Enquirer: 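Pasting in a structure now, in structure tokens, and then I'll have a few things to ask.
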Amino acid sequence: MNELPQQLVNGLLLGSMYGLVAIGYTMVYGIVQLINFAHGEIFMTGAFGALTVYAYILPDGTSMWVALPLMLIGAILVAVMVAVGAERLAYRPLRNAPRLAPLITAIGLSLALQQAVWAWYPDAKSPRIFPQIGGGPFHLGNVTIQTGDIFLFVAAPISMAVLAYFVMKTRTGRGMQATAQDPDTAKLMGVNTDRIIVIAFALGATFAAVGSVAYGLKYGQIDFRMGFILGLKAFTAAVLGGIGNIYGAMLGGIVLGVAEALSTAYISDIPGMDKFGSQSWADVWAFVLLILVLLFRPQGLLGERVADRA
């Protein structure tokens, strides 16, 4: 039990990262009812955008306190450009096509982005070292927080607060709500739905980019495959919280992260279950949780917010 506070903090950090990526899934699905399975790779391109700024644009020896904001801007720019390009070139032409067509396109785009980074980024075939913030870990009682995790502790709540204000208080945010509810009526009321959809993709990519920088700071390395499993877990978080529900995406991410941390730490203590509590089983327990939610509460923890357009 002495380890419980540490495991809860670990799960909160991990879940916040899942939640940041899950927001992109739930925003796009809530407005255009598309599962963008390339979103994990948009997360990945954001990480490589940040690394590019540090390795090839900033002078050698630049302090991480100076470099980090510029790396974050680079990550956001790259992720947003990829997401907006995907919407314009891959998804918009298929908007009125059968739902299977954009789903297959999303999977193909995911593989294409992986291979593009693998082929063109120097040494992307092996994990790339991500720059770290200097300084030792912080200790709060029995809880240890690594320096790189401070970024996530600060970025996640700020990102959610900004998103909540944007969606609830701005004209564009109200346009997003109207488009999600009924795009045809929104058009008649003067809402530019194409612009709203682009903004939804861009916002989702922005939060994924923030999550990608947090991932690099937390784990110390990135690679071109990093978005696949994390993207699936973020999608699991979006379903867990309630697909189309922005706050549910973050809640689902936190629940998933805490469940993963606790299962990894404590299942191995159960007699005969030592192998099932290993880190290699963490991914399995995440998807077991998804199956249980789909069986017993398919609408998610906070309920879906998707209009019925049948």
Side-chain angles (χ1 to χ4, degrees), residues 17-50 52-53 69-95 102 105-106 109-110 112-113 116-117 155-156 158-180 183 186-187 191-215 227 230-231 234-235 238 243-247 249-250 253 305:
M17 186 164 58
Y18 291 158
L20 286 171
V21 184
I23 288 171
Y25 280 106
T26 206
M27 289 185 70
V28 170
Y29 187 82
I31 292 177
V32 294
Q33 297 190 2
L34 165 70
I35 302 296
N36 181 16
F37 277 120
H39 191 61
E41 276 56 53
I42 292 171
F43 163 86
M44 177 267 294
T45 59
F48 276 94
T52 298
V53 169
L70 299 176
M71 292 167 61
L72 183 59
I73 292 172
I76 291 173
L77 288 176
V78 171
V80 168
M81 285 191 295
V82 173
V84 171
E87 190 281 329
R88 183 64 185 88
L89 300 176
Y91 298 138
R92 187 178 299 184
L94 299 174
R95 196 172 293 168
T105 300
L109 181 61
S110 171
L113 288 173
V117 173
I158 290 178
S159 298
M160 286 301 299
V162 170
L163 180 61
Y165 177 84
F166 178 83
V167 172
M168 301 302 298
K169 300 297 184 180
T170 67
R171 182 183 179 91
T172 301
R174 289 191 290 270
M176 292 176 67
Q177 295 180 61
T179 303
K187 281 183 180 180
V191 177
N192 186 338
T193 55
D194 286 337
R195 175 174 170 271
I196 292 296
I197 291 170
V198 169
I199 291 174
F201 272 87
L203 281 175
T206 298
F207 288 107
V210 174
S212 71
V213 173
Y215 180 101
L230 193 137
F235 173 67
I243 195 72
N245 190 316
I246 295 174
Y247 306 107
M250 182 57 74
R305 289 188 182 176

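We number each residue from 1, following the sequence as shown. Because the structure is predicted, anything quoted here is derived from the model rather than measured.
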Enquirer: Could you tell me the separation between the CD1 atom of Ile23 and the CG atom of Asn245, rounded to the nearest 0.5 Å?
Expert: 10.5 Å
Enquirer: Output the distance between atom CG (Leu163) and atom CE (Met168), rounded to the nearest 0.5 Å.
Expert: 11.0 Å
Enquirer: Could you walk me through whether Arg88 and Asp194 pass salt bridge (Lys or Arg N to Asp or Glu O under 4.0 Å), step by step?
Expert: CA-CA 10 Å; Arg88 183 64 185 88; Asp194 286 337; over 6 Å; no
Enquirer: Pick one: which of Tyr25, Tyr29, Tyr18 meets ring pair (Phe, Tyr, Trp, His ring centres under 6.0 Å) with Phe235?
Expert: Tyr25
Enquirer: For residues Leu34 and Pro102, report the shortest heavy-atom separation together with the two atoms involved.
Expert: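 Closest pair (atom of Leu34, atom of Pro102, distance): CD1-CB, 3.6 Å.
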Enquirer: Give me the atom names and distance for the closest heavy-atom approach of Ala79 to Ala205.
Expert: O-CB, 3.5 Å
Enquirer: Check whether any side-chain heavy atom of Phe201 lies under 4.5 Å from a side-chain heavy atom of Met27, and answer yes or no.
Expert: no
Enquirer: Are any non-hydrogen side-chain atoms of Leu77 and Ile73 less than 4.5 angstrom apart?
Expert: yes
Enquirer: Taking all atoms of both residues into account, what is the closest heavy-atom pair of Val213 and Ala75, and its distance?
Expert: CG2-CB, 3.8 Å
Enquirer: Counting N and O atoms only, with roles assigned by atom type, does the side chain of Ser110 sit under 3.5 Å from a partner on the main chain of Ala106, one being a donor and the other an acceptor?
Expert: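 Flag not set: sc Ser110 to bb Ala106 has no pair under 3.5 Å.
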Enquirer: Mark yes or no for whether Thr26, through its side chain, and Ala22, through its backbone, hold a donor-acceptor pair below 3.5 Å.
Expert: no
Enquirer: Please tell me if the side chains of Leu109 and Glu41 come closer than 4.5 Å, counting only heavy atoms from C-beta onward.
Expert: no
Enquirer: Rounded to the nearest 0.5 Å, what's the gap from OG1 on Thr172 to CZ on Arg195? Could you check?
Expert: 4.5 Å
Enquirer: Looking at every non-hydrogen atom in both residues, tell me the closest pair between Val80 and Ala202 and how far apart they are.
Expert: CG2-O, 3.6 Å
Enquirer: Measure the shortest side-chain to side-chain distance between Thr105 and Tyr91 over non-hydrogen atoms and say whether it is less than 4.5 angstrom.
Expert: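 In short, these two side chains touch, coming nearer than 4.5 Å.
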Enquirer: If you measure from CZ on Phe43 to CZ on Phe207, what distance do you get to the nearest 0.5 Å?
Expert: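 One gets 15.0 Å once the value is rounded to the nearest 0.5 Å.
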Enquirer: Determine yes or no for a side-chain-to-main-chain donor-acceptor pair under 3.5 angstrom, with His39 supplying the side chain and Gly231 the backbone.
Expert: no
Enquirer: Does a side-chain heavy-atom distance below 4.5 Å link Asn192 with Lys187?
Expert: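 Heavy-atom side-chain distance check fails, nothing below 4.5 Å.
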Enquirer: Quick one: does Asn36's side chain get under 4.5 Å of Ile42's, heavy atoms only?
Expert: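 The answer is yes, as the side chains (C-beta and beyond) meet within the 4.5 Å cut-off.
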Enquirer: Strictly distance-based, threshold 3.5 Å: is any side-chain N or O of Ser212 a donor or acceptor partner for the main-chain N or O of Ala47?
Expert: yes
Enquirer: So, does Arg174 use its side chain to make a donor-acceptor pair with the main chain of Lys169 at under 3.5 Å?
Expert: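 Pair found, side chain donor or acceptor close to backbone of Lys169.
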Enquirer: Show the nearest heavy-atom pair for residues Leu113 and Met44, with the distance to one decimal.
Expert: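 The answer is O-CE, 3.9 Å.
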Enquirer: So, taking the atom named CD1 in Ile197 and the one named CD1 in Ile31, what distance separates them when rounded to the nearest 0.5 Å?
Expert: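 With rounding to 0.5 Å, CD1 (Ile197) is 7.0 Å from CD1 (Ile31).
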Enquirer: Counting C-beta onward and ignoring hydrogens, is there a side-chain heavy-atom pair between Arg92 and Val198 closer than 4.5 Å?
Expert: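 Side-chain contact under 4.5 Å: yes.
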Enquirer: In Å and rounded to the nearest 0.5 Å, what is the CE to OG1 distance from Met81 to Thr45?
Expert: 9.0 Å
Enquirer: Around atom CZ of Phe166, are there more than 12 heavy atoms from other residues, nucleotides or ligands closer than 6.0 Å?
Expert: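 Counting neighbours around CZ of Phe166, more than 12 heavy atoms of other residues, nucleotides or ligands fall under 6.0 Å, so yes.
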Enquirer: Could you check whether any side-chain heavy atom of Met17 comes within less than 4.5 Å of a side-chain heavy atom of Leu230, counting everything from C-beta outward?
Expert: yes
Enquirer: Testing the basics here: between Gly30 and Ala180, what is the closest heavy-atom pair and its distance to 0.1 Å?
Expert: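 Closest pair (atom of Gly30, atom of Ala180, distance): O-CB, 3.3 Å.
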